[in-house]
Amino acid sequence: MRDYDPSTVEPKWQKRWEEARVYNTDLKNAKNPYYSLVMFPYPSGDKLHVGHWYNFAPADSYSRYMRMHGHQVFAPMGFDAFGLPAENFAVKTGTPPAKSTAENVKTMITQLKRIGTMYDWEKMVNTSDPSYYQWTQWLFLQMFKNKLAYKKLGNVNFCPSCQTVLANEQVWEGKCERCGSEVQQKALSQWYWKITQYAQKLLDNLPGLDWPEKTKIMQKNWIDRSEGVNIRSRIKDLGDEFEVYDSVPQTFMAQTFTVIAPEHPLVEKMVKGTAQEKEVMAFVERIKKKKAAKRFNFMEDVEGVFTGRSVDNPFGTGDLPIWVASFVVMEYGTGIVHCSAHDERDFVFAKKYGIPLRPVMFPADPEEATKVRDLEYCYHKDPEAIMEQPAAFKGRKWGEVRGDIITFMEKDLKIAKRAVHYRLRDWLVSRQRYWGAPIPIVYDPDGNPHPVPEEHLPWLLPTDVEFKPTGKSPLTYSKEFIERTEKIFGKWWRPEFDTMDTFVCSSFYYLRYLMENDQKNFIKKDLEKNWLPVNMYIGGPEHACMHLIYARFVMMALKDFGFVSHEEPFQKLVHQGLITNKGAKMSKSKGNVVSPDSFIDRHGSDVFRMYLMFMGPFTDGGDWSDTGIKGTDRFVQRVWRIFGQDAKDAKDAKDVTVELHRAIKKVTDSMEKMHFNTAISALMEFLNAVEGKAFSNETAKKFTSLLSPIAPHLSEELWEALGGKGFVIDQQWPTYDPKLLVTDTMIIAVQVNGKLRGQVEVGSGASESEILGAAKADTNVQKFLGGQKPKKEIYIKGKLVSLVV
RNA sequence: GCCGAAGUGGCGGAAUUGGUAGACGCGCACGACUCAAAAUCGUGUACCGCAAGGUAUGAGGGUUCGAUUCCCUCCUUCGGCACCA
């Protein structure tokens, strides 16, 4: 008896699939397209780990399932190849990132093929390839042309000892990940993309997306729209005017002081030449340093210093002294805030520095109101609070006057304007890094930026650079880069030396898969129209707020530029769960990465991917353990023995047909919901039910079809053994006949006072009264009824009878 | 602190709209085959109890004939955000 041997069967089918080009999608002529996308990986030097498999294998099974429903499924794969690790590797070894990346991509492709996925490799993209990054640069030019790209000063993390700019991930508790020195903030002129211009649309479109609710909420909180007023204010004696954003305008009469961010340019102006100058500027420097080191504890570090200036009597309630305060966020609103007794933070600050407070709303309970008046605690956010000021609102509830107050401030007092603010910041796309797409901008001798004309794309990444950190962008050291620029644009013209954030590369790759490396067109509208939005996008939840917002923004912008017809790139999104090892995320530094290789060698891809899917729901993940892989291995061997080897074409035994249709229903329902674990258990149940019984070749084939998305290699082998024509992956998904699921008799559970006391078997056509009669006739039930007549009799169709005495 | 998700046997996990809790698999125990072991196959397996029966889905309460499922309070774990005025 020949065992099923994956080590020969799996390569055999992988080869046949490739030769027959079964997974090659005809993008132009697809009638029933289904775009199944999985987030493309970073080509790291390490092998694929269990986490990759946990992501790719079930995604592939779902693609196969959709294909068997008659869809032309497009499942591309590519590499998000720019990024830090290759550059760090270059710093350490001197190996050019292009070389190590190319090698990693090669080994990764081999490994991905071993999974047995249905990727259309002919459409592969590699973001570090000039044929790809010319479009990253093209996108930059479009943003520039449409005034969505601009330059301004921004802070970067800088390690003074390594002399290098650090990405946020390289900063560990305010210290450099590599040398442990305190990280500084350094202001550099950098490129930003105006994602904030799309904040409202990004918010408005969320409800229409078939995404996990959790992810939508995270994006909503990330964008964080807030509605309030901008209050016009003026600094006394100086006359400088500015606006202050207030999202709780109800308390404006309570405002007794103003706080300003230490970084705010007005601070210096206010104190220049005054007695406070020294003290204030020292404070500003100290807080700046503290913030740079990210050692800022927001709860404890509530501190400030008085500037000696005040805001000119804004509400007729006196001037507002201006303080520089550590907690004011420069990037939100205008960096200046009017403070009141009804804000927890302001309250604490005022108490600490003895600044007078004036509450304007109170609890209905007089005793409590006195406490508030005596400033015993900060009273805020209670919608039932009774307003006392302004006089026109006296007696009204705080929670109900918001809109009216805004109108009052705007129309009657004429001191403020209705305003909306978002927490979302513009996207900083500049990176002082080598291994990224060069920003296609050149500067004239006066330093003014000009776009690199499209005919010069790809604007190649130079290779004669210094990888070792020096404090400047590595491209600064390329002679070729500067010469090239001068040759094209003229003497003393200089290129932009920064490269782009890798999130730019990944913000449009789903469009480029469709273009089969077309170098002339970014996207063709008919393809985009037919294939977008992506039907199923699968990837980790860690991208909820970065990649998934950037990609949406880019798609919206491209629509406004006229290149695409859709606003949203991903209609349906699913996050796979995280596989941990001993409770911790797998990582090289922790040394807890599990390699699937030994499992594949021993059991094959089918067994391993099935085991991963059987572990639990796809979206849950879990802690890694290999106990139990035996179970799926046994299943595969039993399947092969029963359907592949011993199978004789016979007539289906009576219950085999019923079991088959039951299995079709269960597997279909489970696959539909991506509950692969229950799909597999349904297949196992069928196998248990059919073992040792007679079944037809047709039944065996249907079972093979059901198994095919989950164990593709085994299924092809079975299909061939059963004499099936073509590939099983090209078969139609089996359907079930609901009539066959109805049995002749049914078993009804009987409860007395909510407890199970018996079961009765009745004909499936039995009437309610017959069933109730049978239930009451059951001996055990009678025992518990104790001769009493039930005062309540409930019958749930086909399920149970509940009797109450 | 705020937002979100989840807590079910020894373990991973199942349970349409509230309707027989523990499917399926692992592990374990016993048995068959074997000189023996592995592999394979069979039987059993939530807990307490000899049994009748009772108790069980993180804890406590509520609604209901009936709650893993709905409501309230609390605990624990995980994920995200964190002075956003």
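Numbered from 1 within each chain, the chains take letters A, B, ... in sequence-line order. The figures here come from the full heavy-atom set of this structure, side chains too, leaving out hydrogens, waters and symmetry mates. Computed from a predicted structure; not experimentally measured.
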B:rU63 and B:rC78, which share atom name P, separated by this distance in whole Å: 35 Å
Say we look at B:rA59 and B:rU76: how far apart would their P atoms be, to the nearest angstrom? 15 Å
Output the single nucleotide from B:rU55, B:rG19, B:rA85 whose closest atom is nearest the side chain of A:I794. B:rG19
Under 4.0 Å between any heavy atoms, over every strand shown, what does A:S802 touch: base, sugar-phosphate, or nothing? Just pick one. base
Does any non-hydrogen side-chain atom of A:I747 lie less than 4.5 Å from one of A:E761? yes
Which is more 5' along RNA chain B, the nucleotide nearest A:K666 or the one nearest A:T334? Just name the residue. A:K666
Integer-rounded Å distance: B:rG79 C1' and A:M218 CE: 8 Å
Does A:R634 place a side-chain N or O at less than 4.0 Å from the phosphate oxygens OP1/OP2 of B:rC26? yes
With nearest nucleotide decided by heavy atoms, which residue, A:G621 or A:S681, maps closer to the 5′ end of RNA chain B? A:G621
Under 4.0 Å from OP1 or OP2 of B:rA14: is there any side-chain N or O of A:T678 that close? no
Need the glycosidic conformation of B:rG27: syn if within 90° of 0, anti if not. Which one? anti
Under 4.0 Å between a side-chain N or O of A:N677 and OP1 or OP2 of B:rA14? yes
By the 4.0 Å heavy-atom rule, please label A:V804 as base, sugar-phosphate, or nothing. sugar-phosphate
Determine the Euclidean distance between corresponding C1' atoms of B:rC3 and B:rA56; express it in Å to zero decimal places. 33 Å
Of the listed B:rC3, B:rA85, B:rA21, the closest approach to the A:I217 side chain comes from B:rC3
A:Y611 vs A:W624 aromatic rings, parallel, tilted or perpendicular, using cut-offs 30° and 60°? perpendicular
A:P541 near the nucleic acid: base, sugar-phosphate alone, or nothing, with a heavy-atom cut-off under 4.0 Å? nothing
Under-4.0 Å salt bridge between A:K693 and A:E659: no
Quick one: label A:V248 by what it contacts on the DNA or RNA (base, sugar-phosphate, nothing), any heavy atom closer than 4.0 Å. sugar-phosphate
Which label fits A:H547 and A:F503: parallel for a plane angle under 30°, tilted from 30 to 60°, or perpendicular past 60°? parallel
From C-beta outward on A:F327, which listed nucleotide comes closest to its side chain: B:rG19, B:rC83, B:rG53? B:rC83
Using a cut-off of 4.0 Å on non-hydrogen atoms, how would the nucleic acid contact of A:D626 be classed: base, sugar-phosphate, or nothing? nothing
Proximal nucleotide (of B:rC26, B:rA14, B:rU20) relative to the A:L756 side chain: B:rU20
Counting only side-chain N and O atoms of A:S226, is one of them less than 4.0 Å from OP1 or OP2 of B:rA85? yes
Taking atom CZ of A:R234 as the centre, report whether more than 12 heavy atoms of other residues, nucleotides or ligands fall under 6.0 Å from it. no
Between B:rG31 and B:rU77, how far is it from one C1' atom to the other, in whole Å? 42 Å
From B:rG27, B:rC84, B:rA23, nucleotide with atom closest to A:R345 side chain: B:rC84
Please report the distance separating the P of B:rC11 from the corresponding atom of B:rA46, rounded so that it comes out in whole Å. 14 Å
Touch check for A:Q759, heavy atoms < 4.0 angstrom, all strands: base, sugar-phosphate only, or nothing? base
Is any side-chain nitrogen or oxygen of A:N688 closer than 4.0 Å to OP1 or OP2 of B:rG25? yes
Heavy atoms under 4.0 Å, any strand shown: does A:K783 hit a base, just sugar-phosphate, or nothing? sugar-phosphate
Distance between C1' atoms of B:rU45 and B:rG25 (Å, rounded): 14 Å
Looking at A:K792, I'd like to know whether one of its side-chain N or O atoms comes within less than 4.0 Å of OP1 or OP2 on B:rC65. yes
How about A:F599 and A:W53: do any of their side-chain heavy atoms sit closer than 4.5 Å? no
If you only use heavy atoms from C-beta on, which nucleotide in B:rG79, B:rC24, B:rG53 is closest to the side chain of A:M684? B:rC24
With a non-hydrogen cut-off below 4.0 angstrom, is A:I747 in contact with a base, only sugar-phosphate, or nothing? base
Base, sugar-phosphate, or nothing: which does A:V328 touch, judged by heavy atoms less than 4.0 Å apart? base
By side chain to side chain contact (heavy atoms under 4.5 Å, CB included), A:K220 pairs with (sequence neighbours left out) A:L203, A:L206
Run the salt-bridge test on A:K776 and A:E793 with the 4.0 Å N-O cut-off and return the result as yes or no. yes
Stems where RNA chain B pairs, listed by first number, each of three or more Watson-Crick or G-U pairs under 3.5 Å: B:1-7 with B:75-81, B:10-12 with B:24-26, B:27-32 with B:40-45, B:46-48 with B:53-55, B:58-62 with B:70-74
So, is A:K220 close to the B:rC81 phosphate, meaning a side-chain N or O under 4.0 Å from OP1 or OP2? no
Name the nucleic acid region contacted by A:Q751, choosing base, sugar-phosphate or nothing; use a 4.0 angstrom heavy-atom cut-off, strictly under. base
Side chain of A:Y332 only, please: which of B:rC3, B:rC65, B:rA85 is the nearest? B:rA85
Test item: A:I538 and A:M674 side chains (from C-beta on) under 4.5 Å apart, heavy atoms: yes
Do any side-chain nitrogens or oxygens of A:R757 fall under 4.0 Å of OP1 or OP2 in B:rG54? yes
Quick check for you: among B:rU20, B:rC83, B:rC24, whose closest atom lies nearest to any side-chain atom of A:A749? B:rU20
Quick one: the side chain of A:R425 and the base of B:rC84, do they pair up donor-acceptor inside 3.5 Å? yes
Residue A:T627, side-chain heavy atoms: nucleotide from B:rG12, B:rC26, B:rC81 that is nearest: B:rC26
So what does A:K791 hit on the nucleic acid, given a heavy-atom distance under 4.0 Å: a base, only sugar-phosphate, or nothing? nothing
Interatomic distance at C1', B:rU69 relative to B:rG18, whole Å: 6 Å
Base of B:rG79 paired with side chain of A:E542 (donor-acceptor, under 3.5 Å): no
When you measure from the centre of the six-membered ring of A:W211, is the NZ or CZ of A:R552 under 6.0 Å away and within 45° of the axis? yes
Is the shortest side-chain N/O distance from A:K630 to OP1 or OP2 of B:rA39 below 4.0 Å? yes
Result for side-chain hydrogen bond (donor to acceptor under 3.5 Å, both in side chains) between A:Q255 and one of A:D343, A:T317, A:D246, A:D346 points to A:D246
Candidate nucleotides B:rC81, B:rA23, B:rG12, ranked by approach to the side chain of A:E685 - the nearest: B:rA23
Ring geometry between A:Y332 and A:H421 (parallel below 30°, tilted from 30 to 60°, perpendicular above 60°): tilted
Remember a base hit wins even if backbone is also touched, and classify A:F686 as base, sugar-phosphate or nothing at under 4.0 Å, heavy atoms. nothing
Rounded to whole angstrom, note down the C1' distance from B:rA23 over to B:rU57. 15 Å
May I ask you to say what A:D623 touches in the nucleic acid, namely base, sugar-phosphate or nothing, with a heavy-atom cut-off under 4.0 Å? nothing
